[in-house]
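Residue indices begin at 1 and follow the sequence shown.
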Amino acid sequence: MTASIARLSTLKDVELMDDRYYAYGGFADIFRARWIQQAGEARWVAVKIVRRRHSGDSERNHKRFAREANLCAQLNHRNLVPLFGLYIQHDIPGLVMPFYKNGDLIGLVRHPEVDKLSSVRGIIAGLEYMHSFPQNPVVHGDMKAVYTGQLPFNHVYSDTSVILRICIGNLPNRPPEISFAMWTLLWRCWEVEPKRRPSAPLIGSALGAFVSQNVTPEFVLEIVESVTADLSVLGNQNEILSMMDASRRLESCDNIQILFRAFG
């Protein structure tokens, strides 16, 4: 397994602090640990360890782990969780990453002092970096519950029921804490046809305009609608993203000017 993860080194002096995981994902469990670094300084870390139940799951989970590890080792952005290295215990691999005392994103946005919109803008910046990654664009595929702190369809207890609702176009109702303008933007992101969804750079600029420009949210949404329609017709997203990057380098441009310069 370690041979197939060439970009990460195996860390020594990493000690799991609990026998039971404190969080889990689709194929791995996350443990709190302490890492003694070369200078002798102790640092709290989180270790994501592949879950082993039976042989079929083990092989499949190890392959998923290797793909994730090799991919994440290439990513470097301030809004993405960094990887420190590998942890190996009884031939079972794990990823060592920072330990965040506030937990995951859901736990973070539930904190009363957290600026949710600023957090969302940071997430969008990370997604924009992933979507435009030079070697191969990366799709996250599991982004949810960032703004409200609640999972979508949190009143539905069956995953199958959720899938059926989405297939027939039955989307969640607007929570009271989300404005109509923000909800409209979310609906655009949930378009069934991918080409009709706004790109990450466009969403980031729209969110910036919501908070920093002396314009109405309705005006911003009108621009988003127009730009997304043009994008679905043009179909050349790389060219459009290049135009957006060029516009962002103009320091005198604010978010509205970015939108008009990139897509006007």
Side-chain angles (χ1 to χ4, degrees), residues 1-2 5 8-38 40-73 75-116 118-120 122-123 126-127 130 138 140-159 162:
M1 169 58 67
T2 55
I5 309 176
L8 291 173
S9 59
T10 301
L11 300 180
K12 299 180 180 180
D13 298 322
V14 176
E15 179 184 5
L16 301 186
M17 303 307 295
D18 304 292
D19 293 331
R20 182 171 175 78
Y21 57 82
Y22 75 90
Y24 61 91
F27 67 94
D29 301 317
I30 303 176
F31 296 82
R32 189 179 61 154
R34 188 175 61 175
W35 174 30
I36 306 299
Q37 298 173 281
Q38 290 183 350
E41 180 182 356
R43 174 170 185 165
W44 287 106
V45 293
V47 182
K48 184 176 182 179
I49 299 178
V50 173
R51 187 181 302 119
R52 174 178 289 180
R53 288 179 177 169
H54 53 76
S55 57
D57 276 347
S58 177
E59 182 179 357
R60 181 168 56 253
N61 289 346
H62 275 65
K63 289 181 179 179
R64 290 182 62 185
F65 175 90
R67 288 197 302 268
E68 178 179 329
N70 280 310
L71 173 62
C72 292
L75 303 177
N76 181 21
H77 189 272
R78 65 183 182 279
N79 295 111
L80 299 180
V81 176
L83 295 182
F84 297 139
L86 289 173
Y87 168 85
I88 306 295
Q89 183 183 63
H90 307 303
D91 293 328
I92 301 177
L95 294 177
V96 182
M97 59 194 72
F99 176 81
Y100 297 104
K101 63 179 182 180
N102 290 320
D104 59 10
L105 281 173
I106 297 178
L108 178 64
V109 298
R110 286 174 178 169
H111 197 283
E113 297 181 0
V114 169
D115 185 339
K116 294 182 180 180
S118 294
S119 298
V120 172
I123 293 168
L127 287 177
M130 294 170 65
V138 181
H140 190 283
D142 191 26
M143 187 65 63
K144 55 186 178 292
V146 174
Y147 205 85
T148 64
Q150 298 290 334
L151 293 175
F153 299 104
N154 64 323
H155 61 289
V156 181
Y157 298 102
S158 168
D159 290 343
V162 171

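For Y22, the ring pair (Phe, Tyr, Trp, His ring centres under 6.0 Å) partners at least two apart in sequence or on another chain are F99.
Looking at heavy atoms from C-beta onward, M17 lies in side-chain contact with W44 at the 4.5 angstrom threshold. Within the 4.5 Å cutoff, side-chain heavy atoms of E68 are placed close to those of K48. Annotation: side chain of T10 is not in contact with side chain of Y87 (no heavy-atom distance under 4.5 Å).
Nearest heavy atom pair, residue L83 against residue A69, reads CD1-O, 4.4 Å. Taking all atoms of both residues into account, the shortest heavy-atom contact from I30 to A46 is CG2-CB, 4.0 Å. Here the closest non-hydrogen pair linking M97 and F84 is C-CE1, 3.7 Å. Counting all heavy atoms, side chain and backbone alike, R34 lies closest to V45 at N-CG2, 4.4 Å. Listed here is the closest heavy atom pair of P82 and P98: O-CD, 3.2 Å. Considering all non-hydrogen atoms of both residues, G94 and V47 come closest at CA-CG1, 4.3 Å.
Distance check: R43 CZ to Q37 CD gives 6.0 Å after rounding to the nearest 0.5 Å. To the nearest 0.5 Å, atoms NZ (K12) and CD (Q38) are separated by 10.0 Å. Atom CG of L95 is separated from atom CG of L86 by 6.5 Å, given to the nearest 0.5 angstrom. Distance check: I88 CD1 to I49 CD1 gives 9.5 Å after rounding to the nearest 0.5 Å.
By the 30° and 60° cut-offs, the orientation of the rings of Y24 relative to Y21 is perpendicular.
The backbone N or O of I92 lies less than 3.5 Å from no partner atom in the side chain of H90, so there is not a single donor-acceptor pair.
Counting only residues at least two apart or on different chains, the salt bridge (charged side-chain N to carboxylate O under 4.0 Å, His left out) pairs with a member in residues 18-27 are D18-R32.
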Hey, can you pull the donor-acceptor pairs under 3.5 Å for the side chains in residues 108-116, sequence neighbours left out?
unit_1, atom_1, unit_2, atom_2, d
R110, NE, G149, O, 2.9
R110, NH2, G149, O, 2.6
H111, ND1, E113, N, 3.2
D115, OD1, L117, N, 3.2
D115, OD1, S118, N, 3.3
D115, OD2, S118, OG, 2.9
K116, NZ, Y147, O, 3.3

